[in-house]
Every structure is written in C-alpha cells, then in structure tokens.
There are 2 protein chains.
Amino acid sequence: MPRKRPTINDVAQASGVSRGTVSRVLNGQANVSLAAELAVRRAVSETGYVVNRAARSLKTSRTGSIVMVLSEPQERLFEDPNFSVLMRVATNQLAERDMSLVLMIADDVGGRERVARYLRGGHADGILLISTHADDPLLEAIERSQVPAVACGAVLGRESVIPYAAADDRGGARQATEYLVDRGRRRIGMITGPLDTPGGSLRMEGFTSVLGRKVTKRMVVHGDYTQAGGERAMHRLLEAFPNLDAVFVASDLMAAGALQALHAAGRSVPGDVAVAGFDDSAIATATNPMLTTVRQPLDTIAEETVRLLIALLDEQDVQSVVLPTELIVRESA
Amino acid sequence: MPRKRPTINDVAQASGVSRGTVSRVLNGQANVSLAAELAVRRAVSETGYVVNRAARSLKTSRTGSIVMVLSEPQERLFEDPNFSVLMRVATNQLAERDMSLVLMIADDVGGRERVARYLRGGHADGILLISTHADDPLLEAIERSQVPAVACGAVLGRESVIPYAAADDRGGARQATEYLVDRGRRRIGMITGPLDTPGGSLRMEGFTSVLGRKVTKRMVVHGDYTQAGGERAMHRLLEAFPNLDAVFVASDLMAAGALQALHAAGRSVPGDVAVAGFDDSAIATATNPMLTTVRQPLDTIAEETVRLLIALLDEQDVQSVVLPTELIVRESA
DNA sequence: TTGAAAGCGCTAACAG
DNA sequence: CTGTTAGCGCTTTCAA
C-alpha cells in the first residue's frame, strides 16, 4: 500500500522542529542552527520527502518551469542540430536549479495562441526561444507577457531586447567563401536561408563581404533550409548562373539537396563545382562526397543561452554572446 | 502598469455569481444555468482570466503535465525520426486538454535520479517513454512511482505492463527481406540494432523468419543505430561474409554508414550489393544512391501513443497497437 | 534562532 | 441550480 506522500508537516514532526524551520532549511536560508538543519535533513531522507511544487508555486508565484518555444515548422526543427543540443543542455542545467523544461510548439495560429495563454497564465518563469523569425507574431505576445526571454540564435530586429547566444554566422560564411576563393574558384554562387533568420541574412552578408561587388543577383538564390528546397534552389542557380564553379550553401541539409541537383545535372563535385555547407550537422558526413562545411560550437551556444536565461532570472545584467566558427574541410570543396 | 493577474474571485465578482459557480463553469460541470454560464464566460474574457494551475493542482493533486522521458544517448535521439513527430503530436494533443509536456533526459545516473525524484514528487500525471531499452534502470523507478506510463515503441519485456504503439517491426523487416529475395539476391546479410530494443530484435526476427535456416551467424552483425556504427558493422560484415550480394540494415542512419563502407570497399550499390534500410527518415533521400527502405507510419504511431496515455489517465482500458509498415523502393535495392 | 499563523487561488462537499 | 466553506502544502512575516 503506497502511503500518502509526506508533506512538510511530516518532516517537521519527524525532526522535532516547526514547519517554518523545515522550510528555511529547504530553501537554504541562513538563520538556522546546525542542529536543526541536521535534524531536518535526516528527516527529509527518512521520510522521502519531496517538495510539492504546486504549493510552493502558489505561495511564491514562481513556477519552476521554463518554456522552450519552437516556432519553426516541423521539418526544419527536426533537422536543426541546435535543437537537440539546446534541449539537452537546457534540461540538465535547469534540473540543477530544480526547474523543468516545458516544450511548446508555436508554428501556427493555434499554437501561438496557446503559448500566449500559457504565458499570460503565468505558467512559466522564463522563455527559451529557438531559431525564431524576425516577424514572428509570437514575439509581441512574449513581450507583453513580461516573462524574461532569451534566444538561441539572434532574433533579427530584437537583438537589443532579447539577449542571445549565437555562432558568428557572418564570420563563418566569410571563412567558407574565402576558402572557396583560395582554392581558385572564381564563379561562386550561394544558396541562402530565409532572410528573416540570422542564418539567412548574416551568412549572406558574410558571403557578399568577401566577394564584394562581384556578387550579382543571379548568383544568389534563396532557400528554406529544407533538403528539397536546396535541390530546387540549386536547379535555379544552375539555370541563372550555368558556368558557376562553386556554391556556398547556408545549411548542410540544403547542401545535400544541392548535391543531388548537381548530380542530376551531370556536374561532378568538387571537380566541376565545389560545394561548401554550414552547420556541420550529421548529414554532412552522410553525403557523397562528404561536405566541407562550417561548424558551429553548438554545445557552447546552448550552454551560453541557458546561462543567459538563468542570469536573467536572477535579475543580473546580461550581454549577448557571439561564438567563433570553424571550417571543416572534407571532400566537397 | 501591469495589473495583478485576475483570480477566480475577480471573475465571480464581475459576473455576479459565486466562486463555486465560476469554478463549475470553468470545469465544464453540468449543474449550471445558462444565464450563469454566459455571464461567467463574458467575465472571463473581459478580465482576461487564466486559471492558476498551481492552485488547481494543489487542490486536485493533478499537475496537468506529462513527462516525456528520453533515455537514449544524445546521438541516437537526435537522429530518431520518432522523436520529433512524437513531440509535436504530444504537444498538440495535450494542449487540447490543457496539459503540458515536460521534457526530461535520463541517459545517465544523474538524469535517472532526477526523473525518479520528479515522479516521486508527484510532479507529473503521466509518462511518455520513447525508445526505451529493456533493461533501463529507470523502468523500476517508473513502476514504483505508480504514474501511468505508455511507450512509443514497445519496451521489451514489459509489453504487458506498459502499453505502447509501434510499427510492425517484424513485418517490415520481412517485407524488406522478401523484396531482396524477390530481386534475386541470395547472399543477404543484416546489420541489426541493439538487441534490447524492439527495432533491434524484432527486425532481426523478421529477417530470419524469411531466410529461415539459411541464416548463419556470420551473416548478421550488430550495430548501435549510429552512422559510424553502421559503417563499422558493414566492414565487419564484408570481412565475415565477403561474397554477400545484399544487406538489410535496421535503420537508415546505419544504412548510410554501410553505404560509405561499401563505397570504400569498392562495391557498387545496388550493382554488387543491394542495400535496404528501415525508417524512411530524412537521410534516406540524402544518400547516394537513395535508400530503399521501410517506412513507419510515425504520425499515426505518435498519435496512438498519446491517445493511449490519455485513455490511461481517464482510467479506461487500453490495448497496445501495432501498425503496418510500407516498403519504399528507391535506388539502393 | 524559532514557532505560530496568515494566506496564495482553487475545487468540491455540503447545505440550501 | 447556487453560495458557503474548508482546506490542499507551502513560504513568510511577526513575535517571542
């Protein structure tokens, strides 16, 4: 017969002090005698006491949970290497503070409405945003909710209001582009991501900053971070810019699609066309040839993101961080 | 100045009824006059009232949250197509019942301990397990916690105690193997998953059930569901069984690794060796050649899993479900 | 340093 | 059908 869950009263009784003292021990407050503290700790482990969060939350009006809001459509999310890393890091770091991670998907009106209600209901102490687009309607609800938010990857246009940790997208793109140039490529095209994401616009900026005024409209096409989109984009690029000898693709997944398109068009890689990707995700070693790509320090990004949020919850001042990338040379360029 | 969040009292006042009646309306109970109900609904939207879950939870001792426990190591989880689908479906379905999804990672001692504490603390109304291994120490903690649990994919050895929804792994493996046989392949090897997972043992059973006593030890090697593992396994298989003309691989990711190994060994696919995968995950179309593979109805599996859990929470009787797979023929076999 | 006591906002049992 | 009421388990004054 499973006994009823012990409450703080049981602990108080077992340790011979009052509820108040137990609470003080539990919350690590100073004004407690060593004897009392020891007695309480013993009683806690004897009784198997675990704090009732609902009761605590009712009293403190803090919930002990953080929402991670996913506003990407499904396909992208799934392929997003940021995602799983961030999730793991966040879960672990938050657990250390006895907080938990609630997941919400907000890629349609209903989802956004739910998130807004959730925040309005005060059900979360903080918000973790991941690859959020510049014009996401959710951002307004988030601001209105007054709940502290941080982002993994900058939220374009809100860089100053939503602290973030991110890779140096511009620098990484520059690395890849310079590498292509150094290898003697002269007619370099690019497939970008959606321009309302940092990976979309900043990686394009990095690309054009290297090539300067040599970049023309026909050399750049826009993709959507999906593999099929990358394939289509590559076809378009080949049409607009048939004699290209290299392409920088803003994500590995799109690069995999581009590889297929090149293959279908009878171009050899890297012989005819060199291909460089971005992310260094799992797929980069699954393609043939394997992708030369730009690695982001995902672990660090994730850790920093969570660190920012925790600092924010503690009402400390926070500063966004941008982390360096690394070019990983494989076979495709 | 953001006003304090309205409580049920504010709604009661605004609608001219008592707290009790408001609560009844909110919880959809029958004994309420139409007039009262209307007044309450109006007051709710006027005041912007959102229920305080902590208070409700304190009273009802239900928490309104479900934990999704991930016990896979990182790499696998990330590549697991089940995962994102299940997450999305779960989030949506649960949101309809005003419940939320809490994520916990339990792939080491610390993680398991946290999950156990969380459950002991009564912080969750239900548990969603995903690709849990047979001997996972967490299972004991889960059973002890008495919290209703369901699994996405059977938990070997607990099929009768933890309801699940899953693809027909055995049948799918049979489909793939029969297809290879039908294409005239005679020397067929297999790379399995870990045998303490249903995808590991059942897919192997399907394979051997087709080939019967023709299967020998040297034709089967065991992988770990990673790409690198698939590559290693293929090398071992080529060593043990050099004249094979086909291989059935228990996951697409491992199949991608196998493709690399075959390529390195100078075997053409499907010319020298036909390759069939399992999952029909994103990577199946990213390889060259693209993978012939077995598709699992992930959406349905996820939906069914969540449906089972909800039924369990409602104290209905539940029955595990096994869903049919489909062979997707592409280029590799 | 500690105990006593007042609620946090809600639901459900009871009385009407 | 509806109002009243008694807590759920906890934190946090306030006194001592």
Side-chain angles (χ1 to χ4, degrees), chain A residues 3-41 43-44 47-65 98-99 117-118 120-123 125, chain B residues 3-41 43-44 47-65 97-99 117-118 120-125:
Chain A
R3 291 174 35 67
K4 214 168 137 313
R5 229 144 55 67
T7 74
I8 200 171
N9 290 304
D10 301 320
V11 177
Q13 201 152 32
S15 56
V17 301
S18 72
R19 287 215 305 275
T21 301
V22 175
S23 175
R24 282 183 277 262
V25 171
L26 259 30
N27 293 286
Q29 289 181 18
N31 317 325
V32 179
S33 68
L34 189 60
E37 172 163 359
L38 257 34
V40 169
R41 296 214 180 286
V44 164
T47 55
Y49 171 77
V50 180
V51 65
N52 179 325
R53 283 197 193 199
R56 170 181 285 175
S57 172
L58 182 56
K59 188 65 191 176
T60 61
S61 67
R62 264 168 289 117
T63 64
S65 58
D98 243 303
M99 307 191 72
R117 270 245 317 287
Y118 195 81
R120 243 190 14 245
H123 298 327
D125 298 341
Chain B
R3 291 174 37 65
K4 217 170 136 312
R5 232 143 53 68
T7 75
I8 200 172
N9 290 303
D10 301 320
V11 177
Q13 199 152 32
S15 57
V17 300
S18 72
R19 285 215 308 274
T21 301
V22 174
S23 175
R24 282 184 277 265
V25 171
L26 259 31
N27 293 287
Q29 289 181 18
N31 317 325
V32 178
S33 69
L34 189 61
E37 171 162 359
L38 258 36
V40 169
R41 297 215 178 285
V44 164
T47 54
Y49 171 77
V50 180
V51 64
N52 180 326
R53 284 199 192 196
R56 170 180 286 174
S57 172
L58 184 55
K59 186 65 194 177
T60 61
S61 66
R62 263 168 289 115
T63 64
S65 56
R97 318 212 0 153
D98 244 303
M99 305 191 74
R117 269 246 316 288
Y118 195 80
R120 247 197 2 251
H123 298 327
D125 298 341

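FYI, side chains are in, hydrogens and waters are out, and symmetry mates aren't considered; it's all heavy atoms of this structure. Chain letters run A, B, ... following the sequence lines, proteins first and then strands; every chain starts at 1.
Side-chain atoms of B:N52 lie closest to C:dC10 of the nucleotides C:dT2, C:dC8, C:dC10.
Comparing the helix axis at one end of the helix from C:dT1-D:dA16 to C:dG16-D:dC1 with that at the other, each defined from 5 consecutive pairs, gives an inter-axis angle of 40° (nearest 10°).
Under the side chain to side chain contact (heavy atoms under 4.5 Å, CB included) criterion, A:S61 pairs with no residue, sequence neighbours left out. Looking at residues two or more places apart in sequence or on another chain, you find a side-chain hydrogen bond (donor to acceptor under 3.5 Å, both in side chains) between A:S23 and A:N27. For B:R53, the side-chain hydrogen bond (donor to acceptor under 3.5 Å, both in side chains) criterion is met by B:S100, not counting sequence neighbours. With sequence neighbours left out, B:R24 forms a salt bridge (Lys or Arg N to Asp or Glu O under 4.0 Å) with no residue at all. Residues that satisfy the side chain to side chain contact (heavy atoms under 4.5 Å, CB included) test with B:V51, not counting sequence neighbours, are B:Y49, B:R56. Residues satisfying the side-chain hydrogen bond (donor to acceptor under 3.5 Å, both in side chains) criterion with A:R120, sequence neighbours excluded, are absent altogether. With sequence neighbours left out, the salt bridge (Lys or Arg N to Asp or Glu O under 4.0 Å) criterion links A:R62 to no other residue. Every side-chain hydrogen bond (donor to acceptor under 3.5 Å, both in side chains) that A:T21 has, sequence neighbours left out, goes to A:S18.
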**Asked** What one-letter contact string describes nucleotides 11-16 of chain C from 5' to 3', where B marks a base within less than 4.0 Å of any protein heavy atom, S marks contact via sugar-phosphate atoms alone, and - marks no contact?
**Response** BBB---
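Think of the region where chain B sits on DNA chain D: with heavy atoms and a 4.0 Å cut, that region ends 5' and 3' at D:dC1 to D:dG9.
Both A:N9 and B:L34 lie near DNA chain D, and the one whose nearest nucleotide falls closer to the 5' end is B:L34.
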Show me the donor-acceptor pairs within less than 3.5 Å that the side chains of residues 28-39 of chain A make with the rest of the protein, sequence neighbours left out.
from  : atom 1 : to    : atom 2 : distance (Å)
A:S33 : OG     : A:A36 : N      : 3.2
A:E37 : OE2    : A:R41 : NE     : 3.2
A:E37 : OE2    : A:R41 : NH2    : 3.1

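Nucleic acid contact for B:A36: sugar-phosphate only, since backbone atoms but no base atoms lie under 4.0 Å from a heavy atom of the residue.
A:T63 places no side-chain N or O within donor-acceptor distance of the main-chain N or O of A:S57, the cut-off being under 3.5 Å.
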